[in-house]
Structures are given as C-alpha cells and as structure tokens.
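Report on the following structure.
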There are 2 protein chains.
Amino acid sequence: MGESGNSRWQRKKEARPSEILDAALMLFVDKGYRATKMEDIAQAAGVTKGTPYLYFQNKEEIFKAVVRETIVARMQAMSAQLAQLHDASGSQLLGMALENWWIHIGATRSAGLCKLMAAEATNFPELALFYYEEVIRPARQLLGHIVQRGMDSGEFRPANIEHVIDMLTAPMLMTMILSHSFGQVPGCCESLTQDPLAFLKTALQLTLQGLQNPPAPDTQS
Amino acid sequence: MGESGNSRWQRKKEARPSEILDAALMLFVDKGYRATKMEDIAQAAGVTKGTPYLYFQNKEEIFKAVVRETIVARMQAMSAQLAQLHDASGSQLLGMALENWWIHIGATRSAGLCKLMAAEATNFPELALFYYEEVIRPARQLLGHIVQRGMDSGEFRPANIEHVIDMLTAPMLMTMILSHSFGQVPGCCESLTQDPLAFLKTALQLTLQGLQNPPAPDTQS
DNA sequence: GCATTTGCTGAATTGTTATTTATTAATTTG
DNA sequence: CAAATTAATAAATAACAATTCAGCAAATGC
C-alpha cells in the first residue's frame, strides 16, 4: 500500500464519503456554510476538487448528510433512551434531556451546526426547512410531551407550553451560539461563560422552580 | 429641480450618506453582511455602484456606521435614562432596561444586526471586535452594575454575576435571533413565539423570582 | 503482462462581487 | 452664458468559487 508521496493518490471508494463528511463538518463549524469552499473540503479530505462530486450531488447535500450523521442520529438515540423511562418525574426527564443534549451535542462540534443554521437560515431557506423538520421540530416536540405530561399529572402548573419550551431552550441555544461566534474571536472572550454546564444547570433549576405546582400566578395561559 | 425620469440623476451631497445607510441597514438585516452586495446597497439608495465609495471607505465602514447610528445611539440614550433613576429598585431597573431594549432594539430592524453579528462574527473578526466593544460590553456592564447594586443592598441574594447577566440576556437574544433566522423562512414559523414581549416578561419574572433574597440555595457563588 | 474498468484529477466553464477609475453631466461661479 | 468644479456613473479590474468533464492512472481480472 503506497505511502504518502509515493503514488499520486489512493483509491478508497468505501472510505471516501465519511472522510469527506468529517472534513466538511470541521470546516462548516469553523467557517459557516457559505464561507466553506468545496475545494477546502476536498483538500481537508485528502482529495481534489472534483472528487466530492462523485459521492454527493452538491454542497447542499453534503451539508444535509453531515447534519444527519451527527445531530439527527444523536437526537434519535437520546429520544429512544428517554422513552424507556416511564417512571421518572417530569423534572428528572427535563434534566436528563437537557444534560444529554449538552453532552452529546452542545459540548461537541455539532453545536457549531446549530449556530450555523441560525446564522444562514435566511440565505439558504431549503437548508433551514430541512433543519427545522429534522431537528427543531422533533426536539421541541420531545420537550413539549414531557412538559404536557407533567402538567396533566399535576407535577407542573398550567402554563403556555411553547413559552416553557422556549425558556428551557434559551440558555442552551445562547451558550451554543455564543461559544461558536464571539467565543471564537480573540478579544471577545471575556463575555463568555467560563463554565457552561454550571450555567445551564442553574438556568434549569430556576425554570423548574417556577414551573412547580404550588406558587405564584404569573406564567401565561 | 428635475423630477425622477427627467434627468439621469440628482446631486444630493448632504442626503446621500443617510440614504446609503438606510438602504444598507435594510439589506444587512435582510441578507446578512457577506451576502449583501455593495451594488444592492447602491441600487436601494437610488445610486450606482461607485457612489457609496465616495462617502464611505468600504463595506466594513458602512456596516460600522449603521451600527453606530442605530444600536449604539439608542443604547446610549437608554443608559442615560436609566442613570437618572436613583430611587428605583434593582428589579424595577432590570425590568425597565430589558423592556427598553426590546422596544428600541429587539422589536425593531436593529435586532437583525444583533443576529447578524452572532452569525458572522467568526468570518469578520474585526467587525466582531467592534461590536463587542461598542455594544456587548457596555450592555453587560450596565446590567452588571444594576445586579451588583441590588446584591450590595440586600435586595438580591449573592450569585455569580455573569450567570445572572446570561440568564437575563438569553431569552432576549434567542428571540432576536430566531425571529431573524428561522422566523423569516416560510414553513419554519410554527416554532416561533407569537407574542415575544409576553414571553420575555414571563422569563424576567422567573429570573427575578429566583434572584430575590429569602429563598432556596441554588445559584452559584 | 495486457486489457478493462473505474476512482480520481485538474483545467475549463460559468457566475459572482468588491473596488478602481476614466468619463459624463449637473451645478456653481464669475 | 461659458468655464470650473465635482457628484455620479458605468465599464473595467481582479479576485474568488461552484460545478463539469475529458483524460489519466490505480485496481482488477484474465
């Protein structure tokens, strides 16, 4: 098997797609969708310009494949895992859901894809729709089910479900977005939470505290 | 004075800069920084490609001017206004600060600039630094002072100031970002808060409730 | 080894866009 | 009203980047 520098290239039909997707993930997270050049992806994957087009229709399909292989796959695993726990309380389930999201997505490269989509949704509406259907809707649905069941069982007091989902979601989203935007720029770092997980836990506690049944009359109907 | 269609163009040395900035604001909010073409700005301002270069060095300077004329100017006004109120409680001040931000920035086109900066910070680090110094740092400092004073006076219990700022900020940021990303894409709208101000008020109540002095031991030191 | 297949290359094509600058024409001035 | 001034134009420049495709060379089979 030829070493690097020996023959001009290697034939690797099987390995190419995942090599290309790995390279693409890295670059998309680093530079965003538009700013990532096909040639850069090719080079990072150890091939030349034309090769990615032998395995994927175009840049857009590469992006979709990356999202499927990372975020969608992990979401499904998390979802299945939570579905097992029929005896856990709503608070416990929400805590697990958010902590899992943080561990498997928020704290990984994939979080960069979440930021990327918020960043470029308007310029690439087809990608936005894809991401909405595959990621945002299922994720919100999962949280919504947990909250709804908690309200039905009397664990949580009645409240606007969408607002509750937004509240559970906002700290996570902000953390993912900031750490992949200003957090990457030298000189802007001061404003970044040094310990994201601690912040997320605090935020969750606060929201759950306000959601618990007895207290004050404030959340919308 | 020639009407439109009469002579090929009008000379308006005084009015040009603001016409150009108005057009630029609209387009930046709509398409983002990179995707906004100088020629589009020119056309929207009723001039041709070359003209903006007579009044501004380049695209970057146009963007900075837009941010100064909108967000920075309004922040200074809000800041000055809050500085007057020496008798208000911390909760009141925070409520006013966030509601003002929503009214004067969050609910206006300017919110699109906030989203834009989060979106493109990594590709345009110089702009990111400018925005950080002119907007993010002052805004966080203002909130930080209010929270600090509230903690000193005993109104708020001790907590990690940066975390509190993040918590106050996250719902606002998320609302501004989502409404200018997925919120603009037909088909993604379902997930958007229909009544952002109601959501923001709910979120603030919840955070203040957790910050008030007596209760449970949860926020970090 | 030789012929065939096919993974891969890289030059060419097509399209985009920030910025410069020579030129044009509205306005001003004397 | 004819110079002089200068706001504005628009063509040219200089990149850059997605995608295509004719041809090359690594595998494979015989």
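Order of the sequence lines sets the chain letters (A, B, ...), proteins ahead of strands, with each chain counted from 1. Only heavy atoms go into these numbers, but all of them, side chains included; no hydrogens, no water, no symmetry mates.
Under the side-chain hydrogen bond (donor to acceptor under 3.5 Å, both in side chains) criterion, A/Thr207 pairs with no residue at all, not counting sequence neighbours. Partners of B/Glu39 according to the side-chain hydrogen bond (donor to acceptor under 3.5 Å, both in side chains) rule, which considers only residues two or more places apart in sequence or in another chain, do not exist here. Judged as a side-chain contact (heavy atoms from CB on, under 4.5 Å), and not counting sequence neighbours, the contacts of B/Gln81 are B/Asn100.
If you check residues 16-48 of chain B against DNA chain D, the residues with a heavy atom closer than 4.0 Å are B/Arg16, B/Val47, B/Thr48, listed by number. Looking at residues 122-130 of chain B, you'll see that no heavy atom sits under 4.0 Å from any atom of DNA chain C. Near DNA chain D, meaning a heavy atom under 4.0 Å from it, residues 49-69 of chain B has B/Lys49, B/Gly50, B/Thr51, B/Leu54, B/Tyr55 in order of number.
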Side chains of residues 43-51 of chain B: which donor-acceptor partners sit under 3.5 Å, not counting sequence neighbours?
residue	atom	partner	partner atom	Å
B/Thr51	OG1	B/Thr48	O	3.4

Throw together a table of side-chain donor-acceptor distances under 3.5 angstrom for residues 16-24 of chain A, partners on residues two or more places apart or in other chains.
residue	atom	partner	partner atom	Å
A/Arg16	NH1	A/Glu19	OE1	3.2
A/Arg16	NH2	A/Gln10	O	2.6
A/Ser18	OG	A/Ala15	O	3.3
A/Glu19	OE2	A/Lys12	NZ	3.0

Which side-chain N or O atoms in residues 119-130 of chain A pair as donor and acceptor under 3.5 Å with protein atoms at least two apart or in another chain?
residue	atom	partner	partner atom	Å
A/Glu120	OE1	A/Arg34	N	3.2
A/Glu120	OE2	A/Tyr33	N	2.5
A/Asn123	ND2	B/Lys31	O	3.4

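Straight-line distance from the CD atom of A/Gln10 to the C1' atom of C/dT9: 14 Å, rounded to whole Å.
Counting only residues at least two apart or in different chains, salt bridge (Lys or Arg N to Asp or Glu O under 4.0 Å) contacts with residues 104-115 of chain B are absent. Applying the ring pair (Phe, Tyr, Trp, His ring centres under 6.0 Å) test to pairs two or more places apart or on separate chains, none has a residue in residues 94-116 of chain B. Applying the salt bridge (Lys or Arg N to Asp or Glu O under 4.0 Å) rule to pairs touching residues 132-146 of chain B yields A/Glu190-B/Arg137, B/Glu133-B/Arg137, B/Arg140-B/Glu162, B/Arg140-B/Asp166, sequence neighbours excluded.
By the 30° and 60° cut-offs, the orientation of the rings of B/Tyr131 relative to A/Phe182 is parallel.
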